[in-house]
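Quick note on labels: first sequence line is chain A, next is B, and so on, each numbered from 1.
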Amino acid sequence: MRPPLEMILPASPSNTAAFDRLARPVQKWIRGQGWEALRPIQAEAVTAVLEGEADIIITASTAGGKTEAAFLPLISQMLAAPTAGFATLYIGPLKALINDQYQRLEDICRDAALPVTPWHGDVAAGKKHKALKNPAGILLITPESLEALFVRRGPEMPRLFAQTRCIVIDELHTFLDAERGVQLMSLLNRLEMSVGHRIRRVGLSATLGDDRLAAQYLRPQAAQNVVVLKDTSSQQALKIQLRGYTSGDEDTGQGSTTGAISAHLFQHLRGSQNLIFAGSRNRVEIYADTLRQLCENSHVPQEFYPHHASLSKDHRAFVEARLKDKAKPTSAVCTSTLELGIDIGDVACVAQIGAPFTVAALRQRLGRSGRRAGQPAVLRQYAVEATLDAKSSVVDRLRLGLIRAISMIELLLEGWCEPPKAQALHLSTLTHQVLSVIAERGGASARRLYVTLCEKGPFTSVDQSLFLRLLRQIGSAEVGLIEQSADQTLLLGKAGERLVEHYSFYAVFQTPEEFRLVHDGRELGTLPIDNVLIPGMTLVFSGRRWVVVHVDDRERVIQVTPSTAGVPPVFGGDPGDIHDRVIQKMQDVFAEETVPAYLDEAARALLVQAREEFGRQGLQERRIMPLGEGRVLVFTRTGSIKTATLALVLQGVGCSVEAYDGVLEVKASAETPDIIDVLTQIKDHPLDRSLLAQANLMTEKFHPFLNAELLGEDALSSRLDLMALPQVVNGVLNGQAY
DNA sequence: GACCTGCTGCGGCGTG
């Protein structure tokens, strides 16, 4: 008789029961780890996975043991019932994450003799061919590589996945509300159709604003049956400070806000591991350069390094390794590259310069700090506002950056974050999936495509008539992506074949063209091609200063050599997307009188000023404010989508418009009609879609193949909101005008 | 007024 488990493993009874249900090799691995017990979330997951076939969402903090929670019982299950083909499919959004998870799972599976195969663009072709010849165990793959399998090996899919029982989706939140997430859902749905049975889905995530919406994403047809397991054990303390700073237009000299914030970071972050989110790659370079100088001037070792997606892999790996190495204090000045994914361990503090765009990002970033028991998460928020003078505009006086930073923190504390947008058509990704299904099957009927992608797949907002219009468009002579054979089967056209045959087809997201920046044969990183650089020009990049020595336009290579001066390059980007709820919260912050305890003295003073201005201008009620010289402020009090839609309409009648948080600054010309008349017109008449003609509607990768009509509908389903406009305008007009 | 993510097959060559 084997001894009772309690003698080996001190654990609570429920925990012991969970442990007992795991396969022997898995139990052996757990003992080898020296764990005292399974964590509650892991014990719950064991029960949920082994009892029944329900879809599951597991949410726990980054170091909360989610991977083990899912895989300890899944591996046990695989050992109990061996299958032919891949038994479990793991989807990861990053190659680096797949590499990390491969190491961890290999370790668990070593004694179990269960193969684990990583599969992404950097994995050797030989290794992939071996796995295809003998598919078994766990396959770790990116959405793009899974897409490639469908396109290149469509007929083999049933053989590879016929007995797959479970698909684990890591970092589930990164797929919600993204084109890539729609692609992934389409692929998983196609996989189920291809093998002819449902495959259980398990989502892992650290940050979910709304469990039900995540469940809706994971299994749209049966969201109510998704089991959500939450780790509530690690409710951690949160320490927040919001510091206010003011600056003029010239922000680079001595005594600037960049200098002042850098000095504060230098003073408080040195000696530990930290993340400094600077908001853009340009600002990452500015702050990294300033902090590097501070270290040099103080004759102390360098601890501040830049990290963003345009920097070389080598440099990024160097910074990540330093963050993991507690013997080398390191603060990374970074963009969202360090927001998710790969494990960099616990950081002492998260600094955020300027308000973030979403509460979800703020929450994800904060999750990097305070992960050790008893350690609070620490947020240092820096708000930068303009120095005011007699000529300063109302918009500057309202301190929108500070108010938004406060609003985001308040919403974070309330536990809210942005939900995914449900109704979008995703016509770019639908075009991609049409080509992919045709390639997979060597041809398909329109009916089959519609059922696969829209009826049973994720493109539920697309009805038959819209789908047919899309097919006719991409099958037209001038586009030529598809063509129809005599028996009505849809095949790839010439242009479609060319597209699908190239490896750049698999990803559904757009990437800009770039130069490579090289010093002494070593790549420093990449720059968007719209940077105009000629020999002799200086720049700040990768935390150092360079001078351009040679530009090769054909090969897209720029040679540089060290220099003592420089300015950071322009990286471009899209306008941010701010949710309605954030703007509402800003309105509340203006109207209330309480001052949050986490503001420093300067931030308090700025908040008081902003509220005085808000009251003085009567903005509690007032929605339209003339500024003189034909300029008017229109307070939409809505997020960026509705505000941008109104801006588009006003531009359509000849106004020039600038958008801020919930406010438009409108400048009329001599030919422009009176703004009240324009707004009244919008309120009373259905809107003319021809307005869309002047907007830039080509934002996604496969948009260039669509016509104006389809592009308009796609934009209206996601980035513009004409339907809401009458209501927005009504609100504006019913406030006190003029 | 922004950020991030991904990639196959094949020919040519050297090595064991």
message: By the salt bridge (Lys or Arg N to Asp or Glu O under 4.0 Å) test, which pairs, at least two apart or in different chains, include something from residues 307-322 of chain A?
response: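 Checked against salt bridge (Lys or Arg N to Asp or Glu O under 4.0 Å) - neighbours excluded - the pairs reaching residues 307-322 of chain A are D122(A)-K313(A).
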Holding to side-chain hydrogen bond (donor to acceptor under 3.5 Å, both in side chains), I want the full list of residues that pass it with [X], two or more places apart in sequence or in another chain.
{"X": "R180(A)", "answer": "E144(A)"}
{"X": "D170(A)", "answer": "Y90(A), Q101(A)"}
{"X": "E410(A)", "answer": "Y598(A)"}
{"X": "S640(A)", "answer": "D577(A)"}

- request: Check D661(A), T643(A), D580(A) against T638(A) for a side-chain hydrogen bond (donor to acceptor under 3.5 Å, both in side chains) and give me the one that passes.
  value: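 Among D661(A), T643(A), D580(A), the one that satisfies the side-chain hydrogen bond (donor to acceptor under 3.5 Å, both in side chains) with T638(A) is T643(A).
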Applying a 4.0 Å non-hydrogen cut-off, can you work out what [X] is touching in the nucleic acid: base, sugar-phosphate, or nothing?
{"X": "R152(A)", "result": "sugar-phosphate"}
{"X": "D661(A)", "result": "base"}
{"X": "S504(A)", "result": "base"}
{"X": "R404(A)", "result": "base"}
{"X": "H120(A)", "result": "sugar-phosphate"}

message: At a heavy-atom distance below 4.0 Å, what parts of residues 304-313 of chain A sit against DNA chain B?
response: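 Result for residues 304-313 of chain A: H308(A), A309(A), sorted by number.
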- prompt: DNA chain B: T511(A) or F571(A), which has the more 5' nearest nucleotide?
  reply: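 Counting from the 5' end, the first nearest nucleotide belongs to F571(A).
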I'd like to check the ring pair (Phe, Tyr, Trp, His ring centres under 6.0 Å) partners of [X]; sequence neighbours left out, ordered by chain and number.
{"X": "Y660(A)", "answer": "none"}
{"X": "H432(A)", "answer": "F505(A), F702(A)"}
{"X": "F635(A)", "answer": "none"}
{"X": "Y305(A)", "answer": "F318(A)"}

task: Using the heavy-atom set of chain A and a strict 4.0 Å cut-off, write down the first and last nucleotide of DNA chain B that makes it in, 5' to 3'.
output: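 So the contact region on DNA chain B extends dG1(B) to dG9(B).
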- prompt: Mind pulling the stems DNA chain B is in, i.e. runs of at least three Watson-Crick or G-U pairs, everything under 3.5 Å?
  reply: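 Stem segments: none to report.
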field: Side-chain ion pair, R556(A) and E513(A), N-O less than 4.0 Å
entry: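 The answer is yes: the pair qualifies as a salt bridge.
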